[in-house]
Each structure stands twice: as C-alpha cells, then as structure tokens.
Colleague: 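This is the structure I have questions about; it appears just below.
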Amino acid sequence: MNIKSYRLLRWLGNGLVYFILTAFAFVMLFPFAYMLSTSLKIPSDTFRYPPRMLPRDPVSQAVPGYDEPLPLYYVLVNGEKTQFALAQSNLKVGRYAPAENLSQVVERRLTEVRPTGGAMNPQSVTVDGKEQKLFDVTVDGQVIPMILVSQTTVGEFVNPQNPQEKVYQNVRLSEPVENVSAHPENYSDVIALRGLDRALTNTALVTILVVLGQLATSVIGGYAFARLRFAGRDTVFVLYLGTIMIPFVMLIVPLYQLMVFIGWTDRLVSLVMPWIFTAYGTFLMRQHFITFPKEIEEAALIDGASRLQILSKILIPASVPALATQSTFTFLYAWNSFIWPLIVINVGNEENHVLTLALNVLRGRASDTPNLILAGAAIAILPPLVVFILGQHFFVESVASSGVKG
Amino acid sequence: MTHPTQAHTPNAALPLLAAWRGLFAVLAATLAALLWTNQAPADLALWLKIVFSLVLGLAALLSLFAIFHILRRSHTGRSLALGLDYLGFVASFVTVLHLGQVFVGIDSFADTFGRGIPALGVVLLGYLIDAAGERSPFNGTQTTLRQIGRWVALIGFGFFLWQVSALQGILFVASSLANPAGFTALGSAAIFGLALWGMWRNPAAQALNSKNQHEAMLNGWLFLSPNLIGFLIFFAGPLLLSFYFSFTDSDAFNPPNWVGLENYAKILNIRFAGLESATQLARDVVDIKIYDEVGRLTWGSGGILFAAADKFFWLALRNTLTFALFAVPLSVLPALVLANILNSKLPGMKFFRAVYFLPSIAAIVGISLVWQWLYNATIGYINYFITLGIEFWNAAFNAGLVDPKIQWVSDEKTALFAVILIAAWQTVGFNTVLFLAGLQNIPGELYEAATVDGAGAWDKFWRITIPMLAPSTFYVISTTTIQAMQVFEQVFILMNPAEGPNNSTLTLVLYLYRSGFVNFKQGYASAIAWVLFIVIFGLTLLQFQRQRKSSIYEA
Amino acid sequence: MKHNLLWKFASLLVVLSFVFAACGAPATEAPAATEAPAATEAPAEPAPAEEVSLRWRTRPDNQEEIDVYSNISAELDAEMEGITLTYEPGGTEGANYQEQLRAEVAAGTAPDVFWIPGTDVADFATRGLILNAADLAAATDGYSADAFYPGPMAHLTYNPETAASGAESGALWGLPRDVSTFALYLNLDLIAEAGAPDPRELAAKGEWDWDAFLEVAQKTRALGSDIYGYGASAWWGPYGVWLNAAGGGFFNAERTACALNTPESLAGLDFQRALYADYDVATPYGEDPEPPFRAGKVAMFQNGRWATPGVRTVEFNWDVVELPKGPNVTQGNWLFWGAYVINAKTEHPEEAWKLVQALTTAQTQGKVAALGANIPSRQSQEAFDAFLTFTPPANNQAFLNGLADSPATEGPLWAGSWPEYDKIMGPAIQAVLTGSKSVDDFGATICDEADKVFVK
C-alpha cells in the first residue's frame, strides 16, 4: 500500500468517525434544541404541522378600507406567489358540475349563481334516481346549467395595495406570511404566573443544604472508617456496604410514616434530612482516605495535632477532587429528585414546591400551552446544564473516577 | 490529652459521676414507665411505645452497669458513661432545635433566602479576590489582596445574614424555647454536656486507666457518630420498619395489624393451567374468584395460561424486566462503541464527550416533558422525521412504503419502547464516559505487543479491549440494570394515565407508588418493595457470578 | 494546579445556582417585605383570639379558574366574621389531585375544606377521611338538600352503615360545588368547509343521532389527513357515554355488580371502536385531542363545560351542540359533579361547615359559573337563566339539554372501590379502542375481573 492511498483511507475513516459522532451528537442535542425553540414560540405556532425549529409570528398589514390590520397569506396570482390580506373567511361556495359529467367541477360562490329557468320556474334533473336542482353557472363567458355537488368555504383575499383586486381560495390550506420572532417573555410569564421563582429558590436552597450536609457527615464518617481503629468498626462498615445496593424506593413508605410522626411532612426539611446521611457517600470518602499516605498523618500526630486538625488542615485540602466528585453527584441527585418530594410535599402548598413538583403541576395546568411547559422545563434543566458546560472537564473526570473506583 | 493545669485530685469527681449514672438510670426507667401511663408526654403507637421503652430500659441498665465499672476503676465504665451521655446530649440538642422550630424554619429561610442571594455573590467575590491574592506572584499585592478579599467576604456574609433576617430568626428561635418544654430540653442538654465534660477530662480518664487504644476507640465512634446516628434514623430504621410493615395491613390512617405472610402470599399466588384451545376463557381453567389472567402462551390446539391473584404485580414485573432487557443493551452497547471512537486521539473528542454527557445531567421530569411533545403522534418531530424518511425512500427507490404514523405513547405496542428510548438516550453518555475511563486505564504496551504479533484492529478489540474492560463493563451493566429496575419518573410524566395503554407501562416502582400512595395499602406496598429488592439483588448477583467466571477464564 | 481548577469549579457551581435562584428573588421580595419576617417564621403566630383560620382547596385546570377561586376566597373572607380564609389551588387531574389529598389527610396537613370529584366520595367517606356533617346540617337554619340536584345528593347523603340515603339517612358528606355534562365543541369553520350539515340545526329538528353524527364526522375527516371529525380524551367519561347511549352502563342499577358485558354496553363500545378503527374519523385514542382541536384540526370535540374557558381563546368560529342520541334514544350523558367536603381532622368543624355552605350559595356558584367552567349545582330557573347568558358559546342550551336528558350520575361505588374498578376497566377498554382486543373478548372476561372489587 503506498502512502497516498493509505492517507486517503485514513482520511475516509476519520470522515466516517466524525459522521457517526455528529449523528449521535444530533440525537443527543435535538431534544434540547426543540425545548429551547418551543419555549420561545407563541402557542398556535407550537401546534403547527409540519413542525419548524425557528419561532415565527404571523404578519398582519393595514389595508385601506378595513379598520383592523389583516393577516397576510401567500396566494397565487397569475401563477405567481403574492402576499394578499385575508379580508373575509367562511364564504360559502358551491361545487357545481353538469349532470352528464359530474367530474367537471367548478367552484362558484352561492351568491353568483341563479336557478336555471328563473326563480319562478326552477328546473331540475334526475341523477342516480335523485332529483337535483339545476343552476346557471357561467364558465368562460358561457352559461351552463349545472347541479350542486357539494359545498365548501373559501376566504376573500385582497391585494393590500389595491383592495379591489380580490382572490378567493381555501383559507386553511393557504400559507400564512410569517416572520421569525422569539418570545422570551414566555419565561417571565411562567415564572410570574406559575410561581416557578419560589420553586427555583427552594430547589437551590435544598440542594445546597444537602450537598454541604452530606459532605460534612461523609467526610468525618469516611475518615473514621479509613483511619481510626476501634472495636466494632468493621462490623459497622460491612453494614454500610450491605445497604449501598438497597434502592431508595424501598424506603418511601416507612420514611413517609416517619415524616408524619416527626411532623415534617410538607416541610422543606423533609427533603434535606434523609439525604444528609448516606452510606454511599461515606463509602466513597473512605475509599479515598485509605489511599492517602499514612506517614504524613503519623508525623502530624507526633507533633501533637488532634485528629480533627489533621482532617481539616491536611486531609481535606488534599481531597478536593474527591469532595467535588461527591458534590457533583449529590447536586444532580438533589436537584433532579422527584418521587420523594411528590410524596411528602403538599400539592397545594406551592410555597414549598421544588422545581420538579412545580413542573408536574404546570403540565396539568398549562396542557394547551406547550411553549410555557417547555419554558418551565428549560428553567429546571438549564442551571445544571450551564454548570456542566462551564465545569465540564471536571464533571466528566469525576464520573469516570467513580466508575474506576467503584 | 495532657492538660497540666488541671491538677485536681483524680478521685474527687468520680463519686459525683457515678451518682449521676444512678440518677440517669432512675430517670430513664421512670420515663420508660411513664410512657405506659396516662401521663405519657406524647401519644404514641403501640410499637413505638415498645421501641422507646426498650431503648430507655437498656439505657438504664447500661447506666447501672457503668456504675459498677466506674467503682472498679475499669475503663469500660468510662466508655459506657460517655456513650450514654453523648446520646443523651445529642437527643436533647436535637430536641432543642426541634422545639426552637429550627427544622421547620427552613421553610421560612427559603422565604427570605432569595433576598440574600446577591449578598452571597459578594461573599463569593471576596473569596475570588482572596484566591487571586493567593496566586499573585508579588508579595505585596498578595497580602493586600487577601486582606481585601477576606473583608469583602465578611461584609458580604454580614449583609447576607441581614438580608435573610437572621436576627429575627434567632430571636424567634429563642422565643419558641421560652417555655417549660424548651427549658427542660436546654437544661438536660446542659446537664449531659457537663457530665460529658467531666468524664472526658484528663483526671477522670487517668482515674479510669485510659489507654491509647481507648482514646482511639472513643475518637472513632465520635467521628462516626453524626453519620451513624442519621443513618440509623433515616435509613436502617426505616428499612427495618419497611420489613415490619410488609407483614401488616398498614394503611397510613389506622394502626397496623399483623397479617403474617398474607401480603407476600398474595403477590406470589400464581397458577399455571393448560388450555384446550387458544381461546379458552380463564374462568374455565382457574378459580376466577381469586385469579386473573396475566398472559397466555398458545400453540396449535392448546396452550398454557398464566394467572395470578394480583395480576398488576406480574404485569409490572413483566414490564420492568422487558424495560431492563432493552434499555440496558441500548444504553451500554452504543456507549461501548462511542467510547472506543472517542478514545482515538483525533481532535474534538472532548467536545463530543461533553455533548453525549449532557442528557444525563438534565432533570428526568423536564426531559420527559420535552419527549412527550416529540412523541406526539400528530404534530411531533419524531413522526415528522419518519414521514420525511419514508417520503425520501419512496421517491428514491420508487418503493411503496406506508407511513406508520406511530402513536408512540398511546399505543400499547410502542408505549414501553418509547420509555426505553428516553432512558437509553439519557444514560448512554454517562456510560460512554465510564467506558472511556476504563479504556484509558488499559496499558498501551498491550496493544503495542499485539501489533508486533501482527494482530489486526478487530483482534485487538476482542482479545485486549473487551477482556481488559471487564471491570468497567460489570460496573456499567450493574448500575444501569439497578437504575432500569427502578424506572418511574419517565412513565409518570410521559404517560397519561401513568400505567399507560392497557397497563403496558405499569412498572414495579409505579405499582409500589400506586399501592402505597393511591390505594394506601402501605403494608402491601412494603411487601412489593422487598420483592423488588430481591429481584434487583438476584440480577446483580447473577452479573457478579458471570463477571467472576469470565475473570477466572481470563486468568 | 488541581486546586485552582477546583476553586473555579466550586465557585462556578455556587455562583450559578445563586444567579439562577436570584432570577426569582425580586418577585419574592415584594410580599416578604410587607410582613415582618418574624411573622413568616412563626407558623403558630397567634391570630386575634376569635379569628379562626381555615384553608380550602379545589382542583383548578387553568389560571383563570385559580383567579376566580382566589377572588371568591377573598370576598368570603371579608363577609364571614371570625374566619380567615386561605385558598390553595390543588394539583390538576393529571397531577394526582385526589391521591395527593389522601396522603395529606393521612399526614394531617390537608386543608380544612376541600373539593373532591363525585367518584371519590365513597372512598374518602369509608376511610374516615371526611367529616359526616349531618348533625351540623340538622342544627342549621335554612339548610335544605332539595335545592341541589338529587343525583349528587343521593350519594352525598348515603349512609354506608344503613345503606340508606336521603335527608333522614344520618349522613351528609358535603355539598356539591357544581355540575357539568358533556357536549360536543364544534369547529364551525371545518364543518362549513366540508359542506356538512350544521349539527345545531339537526339537534333543533330532533335529527341529531349517531347516523347524523357519523356523517358530519366522515365529511370533515375527508378534508385532509390531518383533519379529524371527532376527538375525545381517554378516560371513563367519554367512553361511558357511548355505553350509556346504547342502553348499557358500567354497573347494574344497584351499583353492586359489573354490567360492562351486557349486549347494550358492548354495542355502545363497538360503535365507539368503529369510530376509531372502521371509519377512522377520530383523533388517535389516548392522545390528548384538545391541542389539535384548539389548533383547528378537529371538527367535534367531546368535553365537559370545564373546557369552555380554554376553548374561548381559539381563533376559529365555534359553538357547542348536545351529544347525539343513540339507539336507546338518549344522549347517554353524564351528570358530572364534585363536592366540598370537610377534613375529618379539622379543628374547626363548625366554621368549616359554614364555609362549605358559603361556597355553595347561589351567589358564589353564579360567580364561578360566569367564568364558564361549570354549571351551578342548585336547580333553579334563575340559575338556568343566568347560565344561558354566560356566552360564548351561544348554544349554552346544549348543556342544559344534556342535564335534562336524564343523564347517568357520576358516582362513587359504595359497594366497592371506584379507583380499583377504574384501573381494571380503563386499560381493557383502551385495548379494545386501540384494536388490540376484540369486543367479544372484552365482553367474555371483563366482569370476571371487575366484579372482584365489589365487597360481597
């Protein structure tokens, strides 16, 4: 194989690799793009089919002779797509055809036809055993008697520059004139009207308390497991290990009853306390501290430092990556948790709702305005996402390290 | 542990501490007895009375036991005394917080917290200035900057406290405690604290022959205690409670009654029956007063009918296992492929890695709302893309494919699959990163050696990558499976009603939730929880076995 | 180096969560500033001695409804002496309104007075979650059960111990907030464009039956692949109508056994199935038809009066018509209702009972009805006359016709558990309507399963 063809092959291979990666990236990003685009639309735009990514508004224009601006549509005039204004809709139109050739249909407004033979002496014809009235319909200057096959409606479109120039066609199938325009006020609407501001503050507060609290208990607990020798330590550690696999949902019934007993239902504290003391976090910290060289600690002990001093002055500053790993997981868990708040926080007490709960209420109350629902979803999704994008390197490292060690 | 200033005679405090142990025992025993009289401080359920009496009784006994040891100058006495007083102190302290409305006060804190946020920004600014100072290369700027930073942070924090009305909060806590109950709690906290201090001090330690190992033990338990106490109250305790509930008919409204194995018996009560024809009715082959048909397997002239006393549980189990069976490979296999691609040293890989990771950090509730509209049968993007694809295909190959117009979430054939797709979409990036970490730990020499031996890329993948990746694979598969077995949020948000068309998305956790918090059969729900645990445990064990086998094979 | 990176990361994390939370800060600032912060801290802040504070709740489906109930709460608060009211909107139907309430009653955090749908009254009553107000009512001057529709009152006065109901039964679980029936919301533009007959005219002539309905549905459906003739949501109300109109129903007359397998019920179900499968005129079963209707793509949308406020915002011409008459010469309509009930754990039962009465006066009901979401639960000519003026829709009479057509009362199952019955019936009917189960198979097995929820 010569160098040239080898290069070509590699170039092709890389192209394929990038193609696959980009396709996957599209799949991963599309729902987010859809969320953002829909959250900037007006409600009627969200129900459009075929769907479109960019938010659009219908365009209206003032037309002489009409009090209000009229919506613009594209109509065909002499085979050319022209912008006309919709002046009137729901004009009744008949579809007429000669009795001998029912496929030769023409459309005329009901006001444009006269009964054949005059109103005093209307004529009729029998088609398929049914008697049908005949109407005089003008086609290309010729008057032809026809029967009414069916009815429909059209709209009257006028040339905005010259309102006398009129075109009649189906409104529903006409393409409206639109321009691209975003509606960021959906966000302020959903925040103001649905109380998402309070939910956001609550979520932030609960998340901060859980992260700090869990960090504190698992650091000193993990240190005790890793470095202090005492009777019963290994038994307790095995107990902790054994519970790591137990899924949280096992606890929802008894924890709920415990919260009822203490009187913490419907209180934010019920979202904080149960998450502060975790076996998993303690286990992770223990695994981390155990890798730390013992010699440094022993030297400090001989110098008269207390255990607490060693922990705060030596171990914690050296363990920031491990602490951040755990904070990352806890942050996501606390920010995104749903089933527990659903059970323990009153649905009527919106003061204490967290974002996931507020979204659950929002989806019921605003089911006809997907733009607002998705603006709400964006408010819940974007903060962790932005944190991630800015600290992405760190985030990914911490997940990877959890996998290698776990 | 040496405090030369405290040169009291060691023996002076000991009788006092021993006497306190006696008083402690009497008080605990009295309180335990009081629970069973009309003067009980709280109206407790029977089982709670039993638990509390046992705890208090045990404490009284241990306290007496401690007197005996203290008088014998044995260190066991000191350990016991410290343990009991520490627990007493924690209990009193938590009671003080509780009576001072500190816990429920988080609600009010949330009320004012929003106002304090700008102040926290100032604190952060201070820290950043401080950090900048720390890194500054010039000595002079370093000190100045660090000092400025600290002051800014301090002022910001003060501003924060003022904004969230901390003073009013503290005053309110104080006023909530200004009643007999509050004083009792404060007083007992003080007494326990005093007793702790007396026993912890050097003289007492020396008098009771404290040695290094004793100090280490006390230190160990002290460090572990915050976590352990919380863990026992909010995890281990509820876990035991759940086990107890699973043998009762607890309904959250009335005191639970012991029903023995009835809940488990109902869940596991199943029947298989032979069918004489594919369409034979369930009532002809099983007792229809007890059993409902769950499903049937038919062939030519007969079949087998599967019936259960609780058909919803078995439907839920079927759906959950199906979900895991598809969701796990769909989120693991693409991850494996992507990780191998990303592991190449081509430019831009970090960007793609970040993009794939995005879905896994987004709130499932929000994500499900987004997908709900993507899945919409009439105006959704997914059907639109399918339509476009089919039109393109038909035009390009002159084929006559018919647009299926899939009703993703309202057709029982696709509903579960729609949920599977969301779950896979959300986990694949996370798994990719885990695999990537595993790949980066494989020593490059292995590949170099293989290249020397003339192995192709495919060979290297199968002979080196896959075996060396086994620990990561095990971790990825087991965590994904455990997660998949608990699927709830996606279904709850996406489906309306949540159990989906013809129960096709009724999952175990959803059924647990429905039993416990819709029908309020909380005893039954607890039994479901334990069965769910056993299923998850079994699956993990199975994977663990396979993992061990394959690693033995490798060795 | 690592340290600095971490610094940045941690700072970012904190800053961002704060910045995002701060977006919400200004809005909370205003109310918090007006009251002393210590007061917000104090859950037990002593109110003036004689003031009793009560919390109450309904299930609102949109912001307009929340606003109306908030106003009513404020007005009643001013009117009723010695009572301070707080209105809290509950979750919506999709967000587990009733389930959440049960959990809250169990936890002791539920409001004093709350609204529950008629189907759930038996479950709440037999679990002891709501107060029997019979004694309070007996001691009240001017209280009369006759003022309300008899259907709901029969259930609200049902005494599970004696199986009696009526004024003398010794039971009163609450008073009905409102009633509602189904109608068809019409997209007049689509109907005119399809040249189909106007259903309102057919109804006036007495020709509005299943055949005429099918004709309109088919003609409008023919307008395009994205235009549908008929749309209905997937819950018991819409499919129950077809069963009722064919002479069938969910239960036997005594509501003690399943009647889903009677030939009449199956005939009604088969017609609805045909709308989806044989004639292909309906929006996909299980997909919410309201968005496409409001987007102008559904000609006839079956829903209750509660849909009116939302439909009022559409851009096309619309009106309502009563449901078409079925083989049994009835519309098979429902009398939907829900009741204000009193939390069994309330500390102020007498004040709560006063609130229940105040919430169901003709005056209050008139205000709620003016919003358009429902029909007063008191039967009186004035109420009817007032209701007709709450336009649009112009043809409000359609709802009254539905009420006059001896509708089946939405009802709790005193002899069993309605939620469990619903969980068995709903999925099975969905299987039929989406074509994965035949009507015959459904009829052969459904009552074997459904009869288990009745206490024998």
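Both backbone and side-chain heavy atoms feed into the values below; hydrogens, waters and symmetry mates do not. Residue numbers begin at 1 in each chain, while the letters A, B, ... track the order of the sequences.
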Colleague: Can you say whether A/Phe248 sits under 4.5 Å from chain B via the side chain, the backbone, both, or neither, judging by heavy atoms?
Modeller: backbone

Colleague: What orientation do B/His98 and B/Phe103 show, parallel under 30°, tilted 30 to 60°, or perpendicular over 60°?
Modeller: tilted

Colleague: Between A/Tyr49, A/Phe47, A/Trp275, which residue shows the highest count of heavy-atom pairs closer than 4.5 Å to chain B?
Modeller: A/Tyr49

Colleague: Specify the closest pair of heavy atoms between B/Phe517 and A/Ile343, including all atoms of both residues, with the distance to one decimal.
Modeller: CE2-CG2, 3.4 Å

Colleague: Quick one: what part of B/Phe488 sits under 4.5 Å from any heavy atom of chain A, side chain, backbone, both or neither?
Modeller: side chain

Colleague: Specify whether B/Phe430 and B/Phe357 have parallel, tilted or perpendicular ring planes, treating 30° as the upper limit for parallel and 60° as the lower limit for perpendicular.
Modeller: parallel

Colleague: Among the options B/Val365, B/Asp107, B/Thr387, pick out the one with the most heavy-atom pairs lying under 4.5 Å from chain A.
Modeller: B/Asp107

Colleague: Above 12 or not: heavy atoms from other molecules or residues under 6.0 Å from CZ of A/Arg229?
Modeller: no

Colleague: A/Glu351 versus chain B, heavy atoms under 4.5 Å apart: side chain, backbone, both or neither?
Modeller: side chain

Colleague: To check you understand the geometry: which heavy-atom pair defines the closest contact between A/Trp335 and A/Ala380, and what is its length?
Modeller: NE1-O, 3.0 Å

Colleague: Under 6.0 Å between ring centres: does that hold for A/Tyr280 and A/Phe329?
Modeller: no

Colleague: Only pairs of heavy atoms separated by less than 4.5 Å count here; which of B/Leu342, B/Asn376, B/Ile367 has the most with chain A?
Modeller: B/Ile367

Colleague: Using only heavy-atom distances, determine whether the side chains of A/Gln257 and B/Ser250 contain a donor-acceptor pair under 3.5 Å.
Modeller: yes

Colleague: Shorter than 4.5 Å, heavy atoms on both sides: which option in B/Leu436, B/Thr540, B/Leu232 has the most such pairs with chain A?
Modeller: B/Thr540

Colleague: Is chain A contacted by the side chain of B/Leu512, its backbone, both, or neither, given a heavy-atom distance below 4.5 Å?
Modeller: side chain

Colleague: Is it true that the NZ or CZ of A/Arg307 lies under 6.0 Å from the centre of A/Tyr223's six-membered ring and within 45 degrees of the ring axis?
Modeller: no

Colleague: Non-hydrogen atoms of chain A under 4.5 Å away: do they reach the side chain of B/Phe474, the backbone, both or neither?
Modeller: neither

Colleague: So which part of B/Leu338 gets closer than 4.5 Å to some heavy atom of chain A, the side chain, the backbone, both or neither?
Modeller: side chain

Colleague: Non-hydrogen atoms of chain A under 4.5 Å away: do they reach the side chain of B/Met349, the backbone, both or neither?
Modeller: side chain

Colleague: Taking the six-membered ring for Trp, are the ring centroids of A/Phe225 and A/Phe283 within less than 6.0 Å of each other?
Modeller: no

Colleague: If every non-hydrogen atom of B/Gly116 is compared with every non-hydrogen atom of B/Val164, which pair is closest and at what distance?
Modeller: CA-CG1, 4.0 Å

Colleague: How are the rings of B/Tyr375 and B/Trp371 set relative to one another: parallel (under 30°), tilted (30 to 60°) or perpendicular (over 60°)?
Modeller: tilted

Colleague: Of the listed residues (A/Val236, A/Ile246, A/Leu209), which shares the most heavy-atom pairs with chain B below a 4.5 Å separation?
Modeller: A/Ile246

Colleague: Using the ring of each side chain (for Trp, its six-membered ring), is A/Phe32 parallel, tilted or perpendicular to B/Trp425, with breaks at 30° and 60°?
Modeller: tilted

Colleague: Is it the backbone or the side chain of B/Leu239 that comes under 4.5 Å from a heavy atom of chain A, or both, or neither?
Modeller: both

Colleague: Please look at A/Arg227 and chain B and tell me whether the side chain, the backbone, both or neither of the residue comes under 4.5 angstrom of a heavy atom of that chain.
Modeller: neither

Colleague: For each of A/Val260, A/Thr243, A/Leu385, tally heavy-atom pairs with chain B at distances under 4.5 Å, and name the one with the top tally.
Modeller: A/Thr243

Colleague: Just give me the residue among B/Leu374, B/Leu241, B/Ile341, B/Ile536 that pairs up with chain A most often, heavy atom to heavy atom, under 4.5 Å.
Modeller: B/Leu374

Colleague: For B/Trp530, enumerate each residue passing the ring-ring contact (aromatic ring centres under 6.0 Å, His included) test, keeping only those at least two apart in sequence or located in another chain.
Modeller: B/Phe243, B/Phe533

Colleague: Flag the one option from B/Phe235, B/Phe351, B/Phe537, B/Trp373 with the top tally of heavy-atom pairs under 4.5 Å to chain A.
Modeller: B/Trp373

Colleague: Throw together a table of side-chain donor-acceptor distances under 3.5 angstrom for residues 17-26 of chain A, partners on residues two or more places apart or in other chains.
Modeller:
residue	atom	partner	partner atom	Å
A/Tyr18	OH	B/Pro347	O	2.5
A/Thr22	OG1	A/Tyr18	O	2.5

Colleague: Under a 4.5 Å heavy-atom cut-off, does chain B meet the side chain of A/Leu308, its backbone, both or neither?
Modeller: both

Colleague: So which of B/Ser526, B/Ala362, B/Ser478 has the biggest tally of heavy-atom pairs under 4.5 Å with chain A?
Modeller: B/Ala362

Colleague: Checking heavy atoms, do the side chain of A/Thr38, its backbone, both or neither come under 4.5 Å from chain B?
Modeller: neither

Colleague: Heavy-atom distance under 4.5 Å to chain B: side chain of A/Leu268, backbone, both or neither?
Modeller: both

Colleague: Under a 4.5 Å cutoff for heavy-atom pairs, which residue among A/Leu258, A/Val269, A/Leu239 has the most contacts with chain B?
Modeller: A/Val269

Colleague: At a heavy-atom separation under 4.5 Å, does A/Leu362 approach chain B through its side chain, its backbone, both, or neither?
Modeller: neither

Colleague: At a 4.5 Å cut-off on heavy atoms, which part of B/Val509 comes close to chain A: side chain, backbone, both, or neither?
Modeller: side chain

Colleague: Return the minimal non-hydrogen interatomic distance between A/Phe277 and B/Asn227, and the atom names on each side.
Modeller: CB-O, 3.9 Å

Colleague: Where does A/Met53 contact chain B at under 4.5 Å (heavy atoms): side chain, backbone, both or neither?
Modeller: both

Colleague: Could you tell me which portion of A/Leu374 (side chain, backbone, both or neither) has an atom closer than 4.5 angstrom to a non-hydrogen atom of chain B?
Modeller: side chain

Colleague: Considering only heavy atoms, which portion of B/Gln486 lies under 4.5 Å from any heavy atom of chain A: side chain, backbone, both, or neither?
Modeller: side chain

